[in-house]
Number of protein chains: 2
Amino acid sequence: MPADPLSRVFSALADPTRRDMVAQLAIGDATVSELAAPFDVSLQAVSKHLKVLEEAGLVSRSRDAQRRPVHLEAEVFDLMTKWIERYRRRAEARYRRLDDVLRSMPEEPTPTLPQEGTPS
Amino acid sequence: MPADPLSRVFSALADPTRRDMVAQLAIGDATVSELAAPFDVSLQAVSKHLKVLEEAGLVSRSRDAQRRPVHLEAEVFDLMTKWIERYRRRAEARYRRLDDVLRSMPEEPTPTLPQEGTPS
DNA sequence: TCCTTGTTCAACCAAACGGTTGACCACAGC
DNA sequence: GCTGTGGTCAACCGTTTGGTTGAACAAGGA
């Protein structure tokens with residue numbers, strides 16, 4: 001799977017069924033059939049979803065006889081939140097900077113350019 | 001587009017090209033061709049990516065003659081961070097609770113079951 | 001007016017996705 | 001050993017996705 005980790009995580013959570021599974025697993029570990037119960041799809045489909053979540057690192061699986069308990073791994077969330085926070089912070093900083101600029105120049109007529117380039 | 005907002009945002013950011021565009025837009029607004037420059041794809045492909053970002057609410061677009069300046073909308077990020085934080089918090093709370101339980105019962109021999117079920 | 005620049009629309013294509021069914025494997029219990 | 005239960009693997013199918021090319025639209029400049 002050549003996709004980068006961040007793409008895998010975002011992509012895994014882009015599906016509402018998989019997000020519901022994560023929500024369920026946040027309450028506690030569960031088996032495949034337990035996770036499948038609320039959904040109107042085959043067990044195989046659920047198995048596929050879990051594989052996606054596992055490859056994204058969102059979930060890990062152990063063995064208990066025939067059962068394969070699924071466990072939520074919280075660490076990968078950090079990958080996303082760090083990415084998100086970085087760019088949100090930048091965008092917000094940019095806003096603040098723009099505000100400052102606008103506040104600090106009530107009569108500057110545009111330094112280098114000879115005429116106003118931005119109307120309205 | 002019937003997909004729910006959260007799915008649209010996650011799905012939009014699941015593509016590395018689109019994440020790069022968001023990164024670029026965090027620095028400042030840009031036109032379509034400016035955004036396309038660093039990538040080895042057609043302008044039409046970039047236009048499609050921007051449409052996806054726009055439908056996810058991550059980006060807004062205005063008019064400036066023939067140009068269509070693209071602007072990053074930071075608010076939608078909150079949708080994601082709120083979802084992420086909710087389930088991460090639950091998972092972490094669960095860890096803490098489990099720790100407490102394990103700490104508070106150093107000699108309980110398994111209440112209801114007659115024999116130990118988990119070896120090693 | 002025509003030309004150029006910036007962008008989008010439409011049609012197409014290969015690959016990936018989410019689902020299905022059928023066969024199969026792993027283990028517990030009889 | 002056989003049988004039942006819990007899950008996975010493999011093949012298939014329709015839809016979506018990310019890309020292409022070619023045509024068209026929108027607006028400024030000659």
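Just so you know, these numbers come straight off a predicted model, no measurement behind them. Side-chain atoms are counted along with the backbone in the values below, which use heavy atoms only and exclude waters and symmetry mates. Quick note on labels: first sequence line is chain A, next is B, and so on, each numbered from 1.
- Comparing A/Glu34 and B/Thr17, the nucleotide of DNA chain D nearest to each residue sits closer to the 5' end for A/Glu34.
- Here NZ of A/Lys48 is found 9.0 Å from CD of A/Gln44. Values are rounded to the nearest 0.5 Å.
- For A/Arg67 and C/dA28, the shortest distance from a side-chain N or O to OP1 or OP2 is not below 4.0 Å.
- Residue B/Lys48 has its side chain nearest to D/dT20 when only C/dG6, C/dG18, D/dT20 are considered.
- Rounded to whole Å, the distance from NE2 on A/His49 to C1' on C/dC17 is 10 Å.
- Checked for salt-bridge contact, A/Glu85 and A/Arg88 meet the test: a charged N lies under 4.0 Å from a carboxylate O.
- Here D/dT20 is the nucleotide among C/dT7, C/dC9, D/dT20 with the atom lying nearest to any side-chain atom of B/Val41.
- In this structure, A/Ser47 reaches the D/dT8 phosphate: one of its side-chain N or O atoms is under 4.0 Å from OP1 or OP2.
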Which protein N or O atoms sit under 3.5 Å from an N or O of nucleotides 21-25 of chain D?
unit_1, atom_1, unit_2, atom_2, d
D/dG22, O6, B/Gln44, NE2, 2.6

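- Atom-to-atom, CD of B/Gln66 to P of C/dT4 comes out at 14 Å; the value is rounded to the nearest Å.
- Note: CE (A/Met21) to P (C/dG18) measures 11 Å, nearest angstrom.
- Using a 4.5 Å cut-off on side-chain heavy atoms (C-beta onward), A/Leu13 and A/Met80 make contact.
- Ion pairing between B/Arg8 and B/Glu55 fails under the 4.0 Å rule for side-chain N and carboxylate O.
- Going from atom CG of A/Leu43 over to atom C1' of C/dG18 covers 15 Å, rounded to whole Å.
- Look at CZ on A/Arg68: it is 16 Å from P on C/dC25, rounded to the nearest Å.
- For the pair A/Asp40 CG and C/dG19 P, the interatomic distance rounds to 11 Å; values are reported in whole Å.
- The pair A/Asp4-B/Arg19 counts as a salt bridge, with a side-chain nitrogen and a carboxylate oxygen less than 4.0 angstrom apart.
- Between B/Phe10 and A/Phe10, the ring planes are tilted. Angles from 30° to 60° get that label.
- The separation between A/Arg63 atom CZ and C/dA26 atom P is 8 Å, rounded to whole Å.
- Atom CG of residue B/Asp20 and atom CG of residue B/Asp15 lie 9.0 Å apart, to the nearest 0.5 angstrom.
- Distance A/Arg18 CZ to C/dC17 P: 9 Å, rounded to the nearest Å.
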